[in-house]
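For reference, the structure discussed in these notes is given below.
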Amino acid sequence: MIIEKEKRSTFDVFARINRGDHLMYIGTVEAENKELAKIYASFTYDEEDWSEMVVVDRDQLVWVRKPDWLFSEKGDESL
């Protein structure tokens with residue numbers, strides 16, 4: 001029996017050190033689902049004592065303005 005692997009998604013990670021600070025982009029993680037993305041982000045970006053951290057599935061971002069080259073992949077026609 002062959003078990004199909006779940007597709008990995010890219011999640012952007014944002015955090016703030018102190019309440020009231022601006023939320024800042026700190027990196028990405030790849031994960032099969034949002035629960036694993038939270039765990040991966042927590043362990044990957046543990047160098048600061050973050051007061052808040054959020055992961056956002058890159059496929060869920062709604063762009064208002066986007067440079068043609070930003071995050072584009074070869075053959076991506078959605079730009």
Side-chain angles (χ1 to χ4, degrees):
M1 180 161 111
I2 298 175
I3 299 173
E4 186 175 323
K5 290 185 179 180
E6 288 186 57
K7 179 183 176 255
R8 292 176 69 100
S9 297
T10 300
F11 290 82
D12 290 305
V13 183
F14 300 87
R16 72 179 96 228
I17 296 174
N18 299 307
R19 285 184 68 188
D21 288 350
H22 292 288
L23 198 60
M24 62 183 150
Y25 174 80
I26 59 171
T28 62
V29 293
E30 289 189 4
E32 290 79 7
N33 57 56
K34 63 184 177 183
E35 295 304 318
L36 285 175
K38 292 183 336 186
I39 294 167
Y40 296 162
S42 178
F43 283 101
T44 302
Y45 300 103
D46 66 347
E47 70 276 0
E48 292 286 345
D49 187 20
W50 305 108
S51 65
E52 296 176 53
M53 182 182 287
V54 63
V55 293
V56 180
D57 188 333
R58 188 172 283 173
D59 291 338
Q60 299 299 311
L61 293 176
V62 178
W63 289 92
V64 175
R65 292 190 187 116
K66 180 178 176 182
D68 290 340
W69 54 269
L70 188 63
F71 300 128
S72 65
E73 295 182 17
K74 189 173 185 176
D76 186 358
E77 299 298 326
S78 64
L79 300 175

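No hydrogens, no waters, no symmetry mates; every other heavy atom, side chains included, goes into these values. Residue indices begin at 1 and follow the sequence shown.
- The closest side-chain heavy-atom distance from Phe14 to Met24 is not below 4.5 Å.
- A 4.5 Å side-chain heavy-atom check between Val13 and Met53 finds at least one atom pair inside the cut-off.
- Using modelled atom types, no side-chain atom of Trp50 and backbone atom of Ser42 make a donor-acceptor pair closer than 3.5 Å.
- Taking CZ of Arg16 as the reference point, atom CD of Glu52 lies at 4.0 Å (rounded to 0.5 Å).
- Within the model, atoms CG of Leu23 and CD1 of Ile17 stand 11.5 Å from one another, a figure rounded to the nearest 0.5 Å.
- Note that the OG atom of Ser9 and the NZ atom of Lys34 stand 12.0 Å from one another [nearest 0.5 Å].
- Proximity of Phe11 to Val56: side-chain heavy atoms (C-beta onward) are nowhere separated by under 4.5 Å.
- Not a single donor-acceptor pair under 3.5 Å links the side chain of Tyr40 to the backbone N or O of Thr28.
- Formation of a donor-acceptor pair under 3.5 Å by the Asn18 side chain with backbone atoms of Asp21 is not found in this model.
- In this structure, the side chains of Leu61 and Asp12 come closer than 4.5 Å at one or more pairs of heavy atoms.
- For the pair Ala15 and Ile26, the tightest heavy-atom approach, listed with the atom from each and the gap, is CB-CD1, 3.9 Å.
- Minimum heavy-atom separation, Ala31 to Ala37: CB-N, 3.5 Å.
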